[in-house]
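Everything on this sheet refers to the single structure shown next.
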Amino acid sequence: MNCTRRIPLRYYSTASLSTYHFNQRIGYLKNGSGATKVDDALQLFDEMLQRKPSPSIIKFTQLISVIVKEKQYSTALMLLKQMKLMGIPANIYTINISINCHCRLDQVAYGFALLATILKQGHQPDLVTYNILINGLVLADGVFEAVELFKKLLSEKVCEPDQITFGTVINGLCKAGHTSKALELLRFMESVSCKCKPYVEHYNAVIDSLCKDKMVDRALELFAMMTQKGVIASVITYNSLIHGLCNFGRETEAAQMLRDMEEEGVSPGVDTFTILVDSFCKKGSVKDAELTIQAMLRRGLHPNVITYNALIDGYCLRGEVDDAEKVIDRMMERDIVPDIITYSRLIDGYCKKKRIDKAMRLFQEIQDKGLIPNVVTYSSMLQGLFESGNPAAASELFNQMQAKGLAPNVCTYRILFHGMCNNSQCTDALALFRSLESNELMEDVGLYNILIDGCSKCGNPNMAMDLFDELCLKGLKPNVRTYTVMINRFCQEGLFGKAKELLRKMEENGCLPNSVTYNVLVQELLKKNECQEAEIFLEEMINRGFMPDHATFENLLVRIPNVGEDSRLRTIVLKLTSVERKDGRT
DNA sequence: ATAGGGTTAG
């Protein structure tokens with residue numbers, strides 16, 4: 001490393017300097033991180049190809065590897081072809097690169113064709129070839145085919161799988177949601193019959209997958225088992241576990257995990273603390289989030305844009321949008337450039353506080369700064385405009401976003417249809433829904449819920465009913481919101497029989513009513529003075545652990561004077577009020 | 001120093 005200075009290109013055309021300086025330049029490309037990396041590599045490739053005698057094939061493979069690492073697979077294949085045309089013979093290394101590139105270009109079948117060619121020409125594919133193909137199958141969503149090939153290697157003793165083979169299969173299984181299969185394979189690696197022992201990375205994949213599958217306790221068990229076997233956890237292991245714990249409101253254990261990792265000599269990173277900041281913010285404890293940021297600063301770790309965005313989200317969630325905006329100043333002080341996500345959240349915060357003028361000003365300002373609003377930014381603005389009673393401006397913005405080439409997503413359409421229906425435009429909303437061509441949108445139960453509810457509210461109960469039937473006919477599963485909206489619709493029309501029928505039917509279909517479902521039903525029954533029916537469902541909901549909400553409770557109190565001294569309704573109300581007093585609430 | 005898997009935070 002005594003000569004890392006860049007040497008002008010023209011010196012390389014003199015033969016005397018060739019091999020040594022080719023090595024130098026390949027070295028630069030491998031370690032460097034310039035924007036011209038690929039172009040420089042191509043330039044060097046041409047020079048090497050013209051050099052007589054040809055540099056060793058090793059130099060060429062090193063150079064092409066640079067291109068592959070930059071994910072320029074087509075380019076890499078083109079270079080291999082050029083080498084072939086120049087009469088440089090392929091070897092197992094170049095063939096493996098070629099197979100890998102085809103796999104990465106979603107041409108795994110071509111990769112297998114190359115394998116057949118190798119065999120026909122009497123060459124031997126090696127373990128790397130199989131690892132590449134197994135990964136190719138995983139990338140092509142064929143994890144079970146990957147497992148088949150893996151098993152074939154074992155059973156036919158083609159070659160002995162190594163850590164990479166196991167890692168590829170385990171990761172593939174986890175990514176495809178087959179965590180238990182991945183765990184099985186990990187167990188096999190641990191067993192005496194397997195020569196290949198698992199590394200921390202193998203455990204990490206399964207631990208993370210278990211956490212994502214909401215099986216945090218099993219992840220913790222595996223973590224304990226791994227430690228017991230002497231495998232040292234990495235910062236990634238801890239991050240996955242801390243994230244998993246936080247997702248289930250187990251912040252105390254997560255904080256303990258943080259102490260544990262430091263005790264074990266594993267330093268938490270910015271990402272570790274950011275997980276905690278985000279989690280505290282999501283549950284509304286911005287104070288704890290701020291304390292976490294102080295803790296990371298004490299350790300010399302610098303919060304980044306993701307950390308601060310989480311914090312901004314936290315303040316917005318509490319409706320403290322002015323405090324959220326102050327976070328931007330703190331970011332600037334630390335030379336952290338707010339990105340479009342930062343501003344999108346702030347804009348959303350202002351919209352939710354109905355401060356649409358402020359949101360619009362910010363929306364304009366960021367564009368003046370050169371930031372490009374994304375679908376999320378537009379969707380927030382759309383919601384803000386609808387909720388501030390400006391549907392005309394909302395639809396103009398919707399057209400504007402499409403004119404800018406941004407495709408609305410499911411959330412955008414949910415906001416749009418909800419806003420339109422609230423402004424008596426359910427017919428237009430429905431017409432727009434009919435014109436959608438994306439299956440993802442046409443099969444979104446959430447969109448149906450909004451339209452069903454919207455049509456009911458616009459005074460089109462029959463259209464709502466048709467949409468519900470259509471949803472079922474499509475084979476889509478109505479969810480608890482769908483049923484609640486329909487029950488509400490029946491109640492509004494005084495069709496309590498139908499409402500009750502649907503309540504039973506939803507349970508038969510494996511969809512349990514929630515607090516909202518019961519509140520809607522009981523409230524409507526009370527409003528229509530169906531006190532006895534209301535009593536039945538009130539008892540049922542309380543037995544299931546649901547409480548009447550504020551609106552239901554008001555309706556209840558209004559009815560009390562109308563019912564007898566020893567009525568069940570009165571008893572329920574008395575019981576409820578005493579329970580609430582015990583809670584310390586009023 | 002010729003080829004292959006790991007992607008934990010918004």
Side-chain angles (χ1 to χ4, degrees), chain A residues 1 23-24 26-27 29-31 55-66 68-69 76 80 90-101 103-104 111 125-139 146 150 159 161-175 198-209 211-212 219 233-244 246-247 261 266 268-279 281-282 292 296 301 303-314 338-342 344-345 376:
Chain A
M1 290 305 274
N23 280 345
Q24 284 285 309
I26 292 169
L29 289 168
K30 275 189 181 171
N31 304 320
S56 122
I57 189 159
I58 296 176
K59 300 278 165 291
F60 283 104
T61 32
Q62 284 179 325
L63 189 54
I64 296 175
S65 297
V66 171
V68 171
K69 294 225 165 67
L80 288 170
N91 62 18
I92 189 64
Y93 293 92
T94 58
I95 293 171
N96 281 340
I97 294 176
S98 175
I99 296 178
N100 189 31
C101 288
C103 287
R104 300 287 180 157
D126 62 7
L127 179 58
V128 175
T129 318
Y130 287 109
N131 284 344
I132 290 168
L133 286 167
I134 287 172
N135 191 46
L137 289 168
V138 166
L139 290 174
F150 170 74
C159 45
D162 65 0
Q163 264 94 359
I164 292 182
T165 325
F166 279 98
T168 308
V169 178
I170 288 178
N171 275 303
L173 286 168
C174 288
K175 223 176 76 194
Y199 288 167
V200 64
E201 286 83 358
H202 297 109
Y203 285 100
N204 283 349
V206 182
I207 287 174
D208 188 63
S209 205
C211 288
K212 296 237 155 67
S234 70
V235 61
I236 294 179
T237 323
Y238 285 105
N239 285 352
S240 290
L241 288 168
I242 289 174
H243 195 208
C246 285
N247 279 344
M261 73 187 282
V266 182
V270 175
D271 45 7
T272 316
F273 284 100
T274 302
I275 293 166
L276 287 165
V277 169
D278 182 53
S279 169
C281 284
K282 285 207 169 88
T292 308
M296 67 193 289
L301 289 171
N304 60 22
V305 64
I306 301 179
T307 323
Y308 283 115
N309 283 351
L311 191 61
I312 288 177
D313 214 18
D339 60 13
I340 189 62
I341 299 180
T342 318
S344 294
R345 292 197 176 166
V376 179

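Just the heavy atoms: all of them, side chains too, but no hydrogens, waters or symmetry mates, feed the values below. Predicted model, so just to flag it, every value in this text is computed and none were measured. Here is how names work: the chains are called A, B, and so on, in the same order as the sequence lines, proteins then strands, and each is numbered from 1.
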### Query
Going through the checks in order, is the side chain to side chain donor-acceptor pair (under 3.5 Å) test met by A/T129 and A/N96?
CA-CA 6 Å; A/T129 318; A/N96 281 340; 2.8 Å; yes
Would you mind classifying the nucleic acid contact of [X] as base, sugar-phosphate or nothing, using non-hydrogen atoms under 4.0 angstrom?
| X | answer |
| --- | --- |
| A/I341 | base |
| A/N309 | base |
| A/N304 | base |
| A/I132 | sugar-phosphate |
| A/K212 | sugar-phosphate |
| A/L241 | nothing |

### Message
Between B/dT8 and A/D271, counting only base atoms on the nucleotide and side-chain atoms on the residue, is there a donor-acceptor pair under 3.5 Å?
### Response
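By the distance-only test, yes, there is a pair.
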### Task
Answer yes or no: side-chain N or O of A/N204 and base N or O of B/dG6 forming a donor-acceptor pair under 3.5 Å.
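No pair found.
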Measure from [atom1] on [X] to [atom2] on [N] and round the result to the nearest Å.
| X | N | atom1 | atom2 | answer |
| --- | --- | --- | --- | --- |
| A/E201 | B/dT8 | CD | P | 14 Å |
| A/N100 | B/dT2 | CG | P | 17 Å |
| A/Y93 | B/dA1 | OH | C1' | 12 Å |
| A/Y308 | B/dA9 | OH | C1' | 16 Å |
| A/N135 | B/dG5 | CG | C1' | 6 Å |
| A/N91 | B/dA3 | CG | P | 11 Å |
| A/I164 | B/dG5 | CD1 | P | 7 Å |
| A/L133 | B/dG5 | CG | C1' | 13 Å |

Given [options], identify the nucleotide with an atom nearest to the side chain of [X].
| X | options | value |
| --- | --- | --- |
| A/I275 | B/dA9, B/dG10, B/dA3 | B/dA9 |
| A/Q62 | B/dG5, B/dA1, B/dG10 | B/dA1 |
| A/I58 | B/dG10, B/dT2, B/dG5 | B/dT2 |

N or O in side chain of [X] less than 4.0 angstrom from [N] OP1/OP2:
| X | N | answer |
| --- | --- | --- |
| A/H243 | B/dT8 | no |
| A/K69 | B/dA1 | no |
| A/S65 | B/dA3 | yes |

### Task
From the options A/I95, A/I64, A/T61, select the one residue that forms a side chain to side chain contact (heavy atoms under 4.5 Å, CB included) with A/L80.
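Of the listed options, the one satisfying the test is A/I64.
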### Query
Centroid-to-centroid, A/F166 to A/F150, below 6.0 Å?
yes
### Query
Quick one: side-chain hydrogen bond (donor to acceptor under 3.5 Å, both in side chains) partners of A/T237, sequence neighbours excluded?
A/N204, A/S234
#### Entry: Passing candidate, side chain to side chain donor-acceptor pair (under 3.5 Å) with A/T274, options A/N304, A/T307, A/T292
A/T307
### Message
I need the A/D278 CG to A/C246 SG distance, nearest 0.5 Å.
### Response
8.5 Å
